[in-house]
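The figures that follow rest on heavy atoms only: side chains count, while hydrogens, waters and symmetry mates do not. In what follows, chains are A, B, ... by sequence order, proteins preceding strands, each numbered from 1.
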Amino acid sequence: MKKLINHPDEVVTQMLDGMVKAHPETYKRLEGTTVLVRRNKSSNKVGIVSGGGSGHEPAHAGYVGEGMLDAAVSGEVFTSPTPDQVLEGIKAVDQGAGVLLVTKNYTGDVMNFEMAAEMAEDEGIQVEQVIVNDDVAVEDSTHTTGRRGVGGTIFVHKIAGAAAQEGKSLDEVKAIAEEVIQNVRSMGVAVSPAQVPGSGNPGFDIGENEMELGIGIHGEPGMETIEMTSADHVAERLIEEVLPELEVKDGDDVAVMVNGMGATPMMELYILNNRIHDLLYDKGINTELILVGNYMTALEMSGASLTVLKLTSELKNMLHKPCHTIAWNKSE
Amino acid sequence: MKKLINHPDEVVTQMLDGMVKAHPETYKRLEGTTVLVRRNKSSNKVGIVSGGGSGHEPAHAGYVGEGMLDAAVSGEVFTSPTPDQVLEGIKAVDQGAGVLLVTKNYTGDVMNFEMAAEMAEDEGIQVEQVIVNDDVAVEDSTHTTGRRGVGGTIFVHKIAGAAAQEGKSLDEVKAIAEEVIQNVRSMGVAVSPAQVPGSGNPGFDIGENEMELGIGIHGEPGMETIEMTSADHVAERLIEEVLPELEVKDGDDVAVMVNGMGATPMMELYILNNRIHDLLYDKGINTELILVGNYMTALEMSGASLTVLKLTSELKNMLHKPCHTIAWNKSE
Amino acid sequence: MFTANMAREWVKESSKKIEGNKDQLTNLDQALGDGDHGLNMTRGLKAAVEQLDEDTDEPGQVLKGVGKSLLSKVGGASGPLYGTFFMKAGNHLEGSKVEFSELASGLRIGVDGMKKRGKTERDEKTMIDLLEPVIEVMEERGNDVTPDHLMERANKSLDMVMEYEAKKGRAAYYKEKSKGKQDAGAQSSYYIIQALAEVIKKEG
Amino acid sequence: MFTANMAREWVKESSKKIEGNKDQLTNLDQALGDGDHGLNMTRGLKAAVEQLDEDTDEPGQVLKGVGKSLLSKVGGASGPLYGTFFMKAGNHLEGSKVEFSELASGLRIGVDGMKKRGKTERDEKTMIDLLEPVIEVMEERGNDVTPDHLMERANKSLDMVMEYEAKKGRAAYYKEKSKGKQDAGAQSSYYIIQALAEVIKKEG
Ligand SMILES: Nc1ncnc2c1ncn2[C@@H]1O[C@H](COP(=O)(O)OP(=O)(O)O)[C@@H](O)[C@H]1O
Ligand SMILES: Nc1ncnc2c1ncn2[C@@H]1O[C@H](COP(=O)(O)OP(=O)(O)O)[C@@H](O)[C@H]1O
Ligand SMILES: [Mg+2]
Ligand SMILES: [Mg+2]
Ligand SMILES: [Mg+2]
Ligand SMILES: [Mg+2]
């Protein structure tokens with residue numbers, strides 16, 4: 001795979017600098033770190049820090065800004081950031097009201113953020129951590145690693161971010177983030193792989209006439225390899241897999257994200273949405289909000305994911321609050 | 001190339017329906033047409049209609065909304081829409097103040113929109129047409145087809161849209177659109193091709209270790225095929241090619257778009273911007289606004305383009321006006 | 001004599017030939033354009049056949065309808081060009097019995113409209129380089145024109161246009177590199193002329 | 001006796017081996033994970049070598065520094081795990097002359113910390129399946145441990161871990177399919193043990 005980069009060792013720092021140079025009013029980069037922090041802090045609110053490996057852009061730095069994150073910590077490509085970096089992020093955004101860490105459920109992310117939380121607490125900062133695990137392609141079992149965190153993370157950012165912006169306490173913000181996590185499920189599909197810069201070959205193979213159902217955002221395998229099929233059929237499979245655990249029924253409100261994996265034309269995402277919307281509509285489910293676009297990507301992976309968030313009235317309320325970030329900009 | 005579609009004949013209509021279903025508050029589709037029109041019309045303003053072949057999403061329908069377009073007309077993939085469709089768009093948005101057509105300089109677009117304008121004038125609607133031709137990869141000569149229209153079109157939408165929203169007359173809106181066209185230049189580069197749905201193979205080939213400099217948004221060839229090189233070097237070549245015709249100098253203000261061709265990870269666009277920003281900064285040029293993202297794509301083509309708009313104070317003023325569309329959302 | 005039936009046959013035969021050579025046209029357009037000419041023309045001519053006025057006995061009516069179908073179904077560069085061609089030609093033809101010399105005048109008006117719409121001259125490597133020379137033969141020969149006259153000139157033009165440098169449409173971006181490659185629109189015009197020649201042979 | 005010099009040599013030799021086998025580690029991680037283990041470990045151990053405390057004569061100090069480097073340079077799953085391992089081990093070792101039995105106790109504390117941090121048990125197909133059995137040998141043999149003892153057990157464990165089903169980390173998503181494929185972290189642990197054995201052989 002051909003890449004418009006300079007050197008694999010520099011992709012993350014040059015990307016972060018490129019982001020700050022494009023949006024100097026939104027961000028600054030903490031010197032010597034891979035942490036982007038919000039420029040215009042609202043005072044005295046709970047800080048929200050997220051992050052993870054790079055390669056998922058616009059996640060996570062694209063969600064830094066009013067009404068969402070206060071800082072994003074970027075690791076190397078597909079590699080969790082280190083605890084000292086996360087700690088810098090925590091320290092930069094704490095205003096005395098404490099800090100919520102939003103982590104996706106990968107061993108590395110969980111451990112590195114956990115260690116950072118311990119270090120921050122040693123310095124007297126109140127820290128809580130929530131772990132997003134929305135990917136229904138992976139079985140949830142206490143004996144294994146459990147479900148992965150994928151696109152649903154964006155809804156956690158949005159709603160926890162809105163709650164923090166409203167001035168809610170750390171416990172309250174954490175509780176609503178947990179509520180999102182309980183109510184959000186996703187599944188992805190890939191038609192072609194991604195390649196980590198500097199590695200010699202793509203992360204996985206997909207046969208000429210195949211697609212991978214239940215793929216993870218780092219190319220982790222999913223439920224099954226299936227024959228290439230129509231967009232409508234893909235939409236149907238995704239809905240079939242995602243809905244059951246949410247127990248949504250006639251009259252429920254949901255938010256939907258039809259997410260591109262990085263290299264998927266918008267045309268295809270809208271064609272998927274055309275069917276996804278109708279499937280929900282036919283079940284009497286009300287789509288309060290539908291996001292279609294590249295929200296949580298995997299470099300140049302080609303494919304899409306569906307995320308459905310079941311809304312309570314409180315979640316709905318927070319979902320509709322304004323936010324001002326590069327990747328999600330919502331007016332009053 | 002594997003595509004998440006149903007049938008090549010249905011991609012455009014299913015895409016448009018998918019867009020409307022995701023954003024019912026923004027659009028409606030004129031029945032039986034491929035025209036998306038704005039829902040909340042501001043009254044008595046000049047209407048702005050753009051369009052062209054599909055496959056460039058979010059262009060053009062993504063720019064329909066307050067402060068930009070009133071309607072977008074979509075043709076088949078990479079094929080100009082027909083005059084009758086454009087006419088429907090014109091009729092739907094005319095409020096008596098006349099309609100401006102924004103066309104990219106391709107023979108098909110120019111002719112189809114021109115015929116639509118003639119038909120609309122026959123029906124008593126005042127219509128003006130501007131033709132965007134910002135691609136410096138193609139020589140501008142009156143004896144040939146002239147320069148192509150590419151990413152610069154988005155700035156025409158933005159600024160003409162703002163002027164119309166301000167209540168300016170058709171002549172004034174046309175004049176400012178022409179001013180943008182005079183002051184905007186672009187060039188693109190591709191590392192891998194796109195494939196029109198239903199055609200048996202990609203639109204062009206690029207060697208394993210090559211890239212195509214000066215590519216068009218339908219895969220038209222550019223200036224030269226060069227060896228794969230670093231992002232910094234690509235940034236330098238694009239700046240070198242784009243700036244001279246604009247005669248920007250120390251102290252000038254510009255708006256910049258670092259645009260993805262469809263399958264390019266955001267990471268790579270920001271790495272390009274990291275260098276593009278510095279090259280402009282070193283020349284003493286002030287970047288009033290930098291857009292980084294997928295604004296004018298070519299299906300799953302992988303690559304990027306640079307657009308630079310030289311700003312007068314009037315253009316700057318209009319650029320900073322709010323707009324509310326799917327693809328460009330700017331608050332006060 | 002050119003009749004409404006012959007006009008209808010012309011369109012149906014053109015549609016068959018174009019659809020049968022869809023991939024060739026698309027490949028030609030892929031090499032020098034954007035690879036949709038086969039798709040565009042197949043879509044347009046299918047619509048033209050479906051919307052054919054089967055009731056009229058006036059060939060002008062038939063061709064006008066074909067022009068409208070092409071205009072509203074093809075898009076791209078070829079839609080307005082072929083649309084203009086057939087509409088203008090159809091507009092000129094009057095009544096149910098049209099002499100071949102009259103047909104020639106009609107097609108002349110059609111191709112002139114096309115040139116104006118496309119701001120194109122001869123020798124710029126477009127469909128005009130196929131259509132106009134053949135129409136000239138028709139004008140020269142008047143009512144004595146034969147299918148062989150048409151095909152002889154069409155074959156010659158097809159060879160010639162291949163060597164031109166493209167000046168209009170997307171192929172123009174290739175400059176000298178367009179020499180030695182066939183123009184997709186010239187090729188589709190060739191099939192349309194071939195269809196006309198066959199219809200004249202059969203009916204005439 | 002385990003000295004500060006030996007500790008430094010251990011790290012340098014580990015770095016050499018890991019960098020030399022970067023592609024192998026990355027390929028293993030690609031088959032069962034995300035393909036960055038070779039990159040992660042190379043980056044981390046290079047930093048550890050650069051930041052080596054060359055002045056101290058206390059091996060505990062050296063290992064503590066290594067742990068910190070890994071923790072702040074590796075990231076991913078392996079960073080906190082190896083970081084914890086070396087930091088905890090280093091913390092335990094006191095003074096400049098450390099018996100091998102003491103080293104064993106230090107590494108035991110290291111690996112226990114790793115298990116706690118990773119919420120991992122034995123036989124879950126991770127680096128722990130290489131480290132812990134070798135540490136057990138060290139504990140059993142005390143000061144009489146030889147390089148051959150270490151390598152014998154490491155070789156055996158490497159074969160065994162290959163057949164396990166992964167329960168932790170990204171490899172767990174492969175479930176039974178992970179059997180018969182080597183775990184990247186187990187492989188990097190193997191090189192780290194190999195480096196230790198070589199250092200003991202050379203200096204001991
Ligand atoms: N200005 C023009 N005048 C006459 N013919 C033209 C002109 N531009 C393009 N053409 C013809 O149109 C053909 C391309 O048609 P088509 O592929 O359907 O449209 P597009 O170029 O919009 O994709 C070319 O091969 C050429 O023969
Ligand atoms: N919970 C865990 N406990 C112990 N070791 C683990 C655990 N999770 C993963 N590992 C080890 O880490 C290795 C992967 O490391 P690496 O690729 O650097 O990190 P990541 O998985 O974050 O990409 C695995 O091969 C495995 O040996
Ligand atoms: Mg990793
Ligand atoms: Mg076309
Ligand atoms: Mg074409
Ligand atoms: Mg890994």
Side-chain angles (χ1 to χ4, degrees), chain A residues 8-9 34 52-55 73-87 106-116 119 135 137-139 141-148 193-205 214-223 298, chain D residues 22-27 29-44 46-47 67-84 87 113-114 116-121 124-127 165-178 185:
Chain A
D9 290 350
T34 56
S54 294
V73 190
S74 299
E76 291 296 317
V77 175
F78 291 177
T79 301
S80 169
T82 58
D84 51 330
Q85 301 282 311
V86 180
L87 178 62
Y106 298 100
T107 313
D109 286 321
V110 173
M111 291 191 295
N112 284 289
F113 277 73
E114 206 170 71
M115 292 185 86
M119 289 152 99
D135 188 351
V138 179
E139 228 179 314
S141 142
T142 45
H143 301 295
T144 65
T145 323
R147 288 193 310 249
R148 299 177 289 236
Q195 180 170 333
V196 173
S199 84
N201 35 39
F204 58 103
D205 291 320
I215 197 89
I217 53 172
H218 314 88
E220 301 96 335
M223 304 175 52
Chain D
K22 184 167 81 172
D23 290 346
Q24 180 210 14
L25 294 172
T26 289
N27 290 342
D29 193 36
Q30 210 151 50
L32 288 182
D34 58 353
D36 58 1
H37 191 61
L39 302 167
N40 291 346
M41 292 299 292
T42 300
R43 180 176 65 244
K46 264 192 176 164
K68 277 193 188 153
S69 295
L70 295 180
L71 196 62
S72 71
K73 288 295 168 191
V74 178
S78 43
L81 291 169
Y82 278 123
T84 300
M87 280 203 316
M114 204 176 195
K116 202 170 154 206
R117 177 60 67 197
K119 302 190 181 68
T120 327
E121 290 305 312
E124 298 192 325
K125 200 179 183 107
T126 69
M127 33 183 93
E165 179 177 333
K167 298 282 186 193
K168 288 287 150 68
R170 295 178 201 280
Y173 307 134
Y174 287 84
K175 300 189 214 158
E176 312 90 71
K177 283 188 217 151
S178 61

Would you compute the distance between atom [atom1] of [X] and atom [atom2] of [Y] and round it to the nearest 0.5 angstrom?
X: Ile217(A); Y: Asp34(D); atom1: CD1; atom2: CG; answer: 10.5 Å
X: Thr107(A); Y: Lys168(D); atom1: OG1; atom2: NZ; answer: 8.5 Å
X: Tyr173(D); Y: His218(A); atom1: OH; atom2: NE2; answer: 8.0 Å
X: Lys73(D); Y: Glu76(A); atom1: NZ; atom2: CD; answer: 9.5 Å

Problem set entry | Pair Leu71(D)-Met115(A), side chain to side chain contact (heavy atoms under 4.5 Å, CB included): steps then yes or no | CA-CA 10 Å; Leu71(D) 196 62; Met115(A) 292 185 86; 3.7 Å; yes
Go through the atoms of [X] and report whether side chain, backbone, both or neither lie under 4.5 Å from a heavy atom of chain A.
X: Leu39(D); answer: side chain
X: Ser78(D); answer: neither
X: Asn40(D); answer: side chain
X: Lys177(D); answer: neither

Exercise. When only pairs under 4.5 Å are counted, which of Thr26(D), Asp36(D), Asn27(D), Asp23(D) shares the most heavy-atom pairs with chain A?
Worked result: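 The residue among Thr26(D), Asp36(D), Asn27(D), Asp23(D) with the greatest pair count is Asp36(D).
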For this session: Could you check which of Ser72(D), Gly35(D), Gly79(D) has the highest count of heavy-atom pairs closer than 4.5 Å to chain A?
Result: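 Greatest number of close heavy-atom pairs with chain A: Ser72(D).
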Exercise. Are any of the side-chain nitrogens in Lys119(D) or Glu114(A) under 4.0 Å away from the carboxylate oxygens of its partner?
Worked result: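 Answer for the salt bridge query: yes.
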For this session: Take Met111(A) and Leu81(D), measure what side chain to side chain contact (heavy atoms under 4.5 Å, CB included) needs, and give me the verdict at the end.
Result: CA-CA 8 Å; Met111(A) 291 191 295; Leu81(D) 291 169; 3.6 Å; yes
Where does [X] contact chain D at under 4.5 Å (heavy atoms): side chain, backbone, both or neither?
X: Asn201(A); value: both
X: Pro8(A); value: neither
X: Asn112(A); value: both

So which of [options] has the largest heavy-atom pair count under 4.5 angstrom toward chain D?
options: Thr79(A), Val110(A), Val196(A), Asp9(A); value: Thr79(A)
options: Gly216(A), Gly52(A), Pro202(A); value: Pro202(A)
options: Gly219(A), Pro83(A), Ala137(A); value: Pro83(A)

